[in-house]
Number of protein chains: 2
Amino acid sequence: MRSPARRATSADVARAAGVSRTTVSFVLNNKPGQSIPEETRRRVLEAARSLDYRPHASARSLAAGRSDVVLLSISQLPIPANISRFAEECATTLAERGLTMVLHLDVQGRPLADVCASVDASAVVAMGDLPPETTAALRRTGVAVVLSVGGDSAAAHRDVGRLQAEHLIERGHRRLGYALAGQRVPRAMASEQLLGVEEACAAVGAEPPTVLSVAPRPADAARAVALWRDRSVTAVAAYNDETALAVLAGMRELGLTAPDDLAVIGADDIRAASLVTPPLTTVAFDLSNAARHLAEVVASALAGGEARPAEVSSGPRVVRRESA
Amino acid sequence: MRSPARRATSADVARAAGVSRTTVSFVLNNKPGQSIPEETRRRVLEAARSLDYRPHASARSLAAGRSDVVLLSISQLPIPANISRFAEECATTLAERGLTMVLHLDVQGRPLADVCASVDASAVVAMGDLPPETTAALRRTGVAVVLSVGGDSAAAHRDVGRLQAEHLIERGHRRLGYALAGQRVPRAMASEQLLGVEEACAAVGAEPPTVLSVAPRPADAARAVALWRDRSVTAVAAYNDETALAVLAGMRELGLTAPDDLAVIGADDIRAASLVTPPLTTVAFDLSNAARHLAEVVASALAGGEARPAEVSSGPRVVRRESA
DNA sequence: ATGAAAGCGCTAACAT
DNA sequence: ATGTTAGCGCTTTCAT
């Protein structure tokens, strides 16, 4: 009947180092404005290490009034590849600042505020838009920082759309189509991107794109393709690579091939993009800069600064392959 | 200069309802063995609602000795579609039991135990294997329940492999290949699946599969394909759909087509599988039953029961398309 | 430079 | 049936 292996507390560390708990707290959090002799500091650190001490998160945040948990709320499912990468980068950067980021799949019928309260998050960043009332609820729950990326404030997706259209236009196309994903998708993201396409068209005096929604099924896509060709569209920009793949499949069903019968450009650069025939031209966006930037914003906001929604630019670039 | 909008505490609720904090705690957690009159209960609930009261997670877990946070640790990146769905289902089921599940991307050079400590998780389930020392560290950190799915204990992937091979064998193939993903992947998952393939081969007296690793690049895949054909392999089972897509791309590079020159079967049924040419035959596995089951195990373990690693079966089935 | 002491908001014996 | 009380482990002001 062995003892329950109680976890080491700061009192244990204090005892082992022969100092008070206050001192332990000071050195472990290296509180500024204290002048702790190197020797003492060393003893404390050593004691903590040897006891494998980890502060009890709940006690810590109860006392301090804020946790160091950041919640990243994702509302797209399955989680797109670039968002995974974004999340990873965010987590890493935040970790460097002593913060812990975890993901939440915002697809269950459960108020975001509930989840935040349960994990005691002190910041939440949402991919996509956040309804104002949700933001308010979050604030009321005690979440200090609420940010959303890819929402209205993010110019990133507009750039993606612009790039897609510019690439197509450069290759001589004048009548463009835009393929909306036939599934639930953050409205703002899609419409920003479309806006970018429209701007690029307008810039060269071309007609606005013919917007069609295409579900990820060859048959559905074929219908859309036929429609575009009726309207003498010669190139289409798709909301994302999966949608672009669907368009390609639709074309195949009609015996058409890209880019000659219809040029197609996607967005995301998912793995499959380079594995199909013809390999899909797409706009890759590297969210990792954005992620690092965002993480900094969150961290400094939490540290007392202001939470400016941060123009998150993703530095999109076209990856030219063969479909356009 | 308005007040900081302090969050309502259980004391506020008690005051509003005209009872003690103990009573509030009892009715809010509906503690068994107490006989609270309906009237009192109603008053408390009403007060809580009107104050938009949410228990402070850290205070609660500090006092109770355990949080209701469950961490799902994922080590594959990008997050595969079926794992997203699995996670969603888990979260939903756990929520019904009052638990909150969040995701952790286990790819940063940060000990899992650290993260658990930071979010004060009382259970962690890992997709894939967990090194024994990690498990030990977790335990030491105070994590009550440690489970891993897709690890040694999960027969699920073996079934996937068996199904792949059986499908191929049924269609007359006797010399099989197996395509390992050319990237970091949970060892156990891959080897379980491979084991399934081997078993199915053995069952009909066929030679064991020729295992080759293929990176997600057409050129690399082409090399593998050539090798298989040298060895008179006529069909290959791939670790997942992306790998299968790569094989298909490699074949195309060699002017070969599936299933005639080489039959290919994937696993996962990702969206792109149905959008390529030829449409990819694959094994779909619905992890949602598994998820619900797992959630139950976690919940009851947390409630005092034992944490049996749970035979998580995913009910895989082959989705026959045209590549095999 | 270090320590004593007072909470943070909650739960759970124990009393009434 | 409800209230009193004592912590949970930590941070932080105020003394020393």
Side-chain angles (χ1 to χ4, degrees), chain A residues 4 6-44 47-48 51-69 98 117-118 120 122 141-142 144, chain B residues 4 6-44 47-48 51-69 98 117-120 122 141-142 144 304:
Chain A
R6 200 182 46 86
R7 195 165 141 193
T9 76
S10 92
D12 296 328
V13 177
R15 201 171 311 122
V19 299
S20 78
R21 288 185 22 250
T22 310
T23 305
V24 171
S25 176
F26 282 166
V27 358
L28 258 33
N29 302 339
N30 51 88
K31 254 271 175 299
Q34 308 290 329
S35 30
I36 311 250
E38 208 38 58
E39 164 60 12
T40 309
R41 167 189 300 294
R42 210 195 43 68
R43 276 217 316 279
V44 171
L51 291 176
D52 190 29
Y53 169 73
R54 286 170 208 279
H56 219 78
S58 36
R60 187 202 244 278
S61 38
L62 179 56
R66 45 175 203 64
S67 74
D68 33 51
V69 173
S118 296
D120 203 6
S122 53
T141 314
Chain B
R6 201 183 46 86
R7 195 165 141 192
T9 76
S10 93
D12 296 328
V13 177
R15 201 170 312 120
V19 299
S20 78
R21 280 171 50 237
T22 310
T23 305
V24 171
S25 175
F26 282 167
V27 359
L28 258 33
N29 302 338
N30 52 92
K31 255 273 175 301
Q34 307 291 329
S35 31
I36 312 253
E38 209 38 57
E39 163 60 11
T40 308
R41 167 189 300 295
R42 209 195 42 68
R43 274 217 318 280
V44 172
L51 291 176
D52 190 28
Y53 168 75
R54 284 170 209 279
H56 218 79
S58 36
R60 187 203 242 278
S61 38
L62 179 56
R66 45 174 203 65
S67 74
D68 31 55
V69 174
S118 296
V119 301
D120 203 7
S122 53
T141 314

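First the proteins, then the strands, lettered A, B, ... as listed; each starts at 1.
In this structure, the CG atom of B:N29 is 11 Å from the C1' atom of C:dA12, given to the nearest Å. If you take CG of B:L51 and P of C:dG9, they are 15 Å apart, rounded to a whole angstrom. Rounded to whole Å, atom P of C:dG3 lies 14 Å from atom CZ of A:R15. Taking atom CG of A:N30 as the reference point, atom C1' of D:dT11 lies 15 Å away to the nearest angstrom. The interatomic distance linking A:R66 (CZ) with D:dT11 (P) rounds to 10 Å, in whole Å. For the pair A:R54 CZ and D:dG9 P, the interatomic distance rounds to 17 Å; values are reported in whole Å. Atom CG of B:D120 and atom C1' of D:dG9 are 11 Å apart (whole Å). D:dG7 atom P lies 17 Å from atom NE2 of A:H56, rounded to whole Å.
Between A:K31 and D:dT11 there is no side-chain N or O to OP1 or OP2 distance below 4.0 Å. OP1 or OP2 of C:dT11 lies within a sub-4.0 Å distance of a side-chain N or O belonging to B:R60. Note on B:T40: a side-chain N or O is less than 4.0 Å away from OP1 or OP2 of D:dT2.
With hydrogens and angles disregarded, no donor-acceptor distance shorter than 3.5 Å links the side chain of B:S122 to the backbone of B:R66. Distance alone, capped at 3.5 Å, is enough to place a donor-acceptor pair between the B:S67 side chain and the B:D120 backbone.
With D:dT13, D:dC10, C:dG9 as the choices, the nucleotide that has an atom nearest any side-chain atom of A:A63 turns out to be D:dC10. Distances from the side chain of A:V19 to the nucleotides C:dT2, C:dG9, C:dG3 place C:dG3 closest. Side-chain atoms of A:R21 lie closest to D:dT11 of the nucleotides C:dC10, D:dT13, D:dT11. Residue A:L62 places its side chain closer to D:dG9 than to any other of D:dG3, D:dG9, D:dC10. Of all nucleotides listed (C:dG3, C:dG9, D:dC10), D:dC10 comes nearest to the side chain of A:A59.
In terms of polar N and O atoms assigned as donor or acceptor, the side chain of A:T22 comes within less than 3.5 Å of the base of C:dA4 in a complementary pairing.
A:T23 comes within 4.0 angstrom of the backbone, heavy atoms only, and of no base. Among the heavy atoms of the strands lying under 4.0 Å from A:S25 is at least one base atom, whether or not backbone atoms are also near.
Side-chain atoms of B:T22 and B:S25 form no donor-acceptor pair, as typed in the model, at a separation below 3.5 Å.
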Is there a side-chain contact (heavy atoms from CB on, under 4.5 Å) between B:T9 and B:R21? Walk through the geometry before answering. CA-CA 10 Å; B:T9 76; B:R21 280 171 50 237; over 6 Å; no
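Atoms CZ and CD, on B:R43 and B:E39 in that order, are 5.5 Å from each other to the nearest 0.5 Å.
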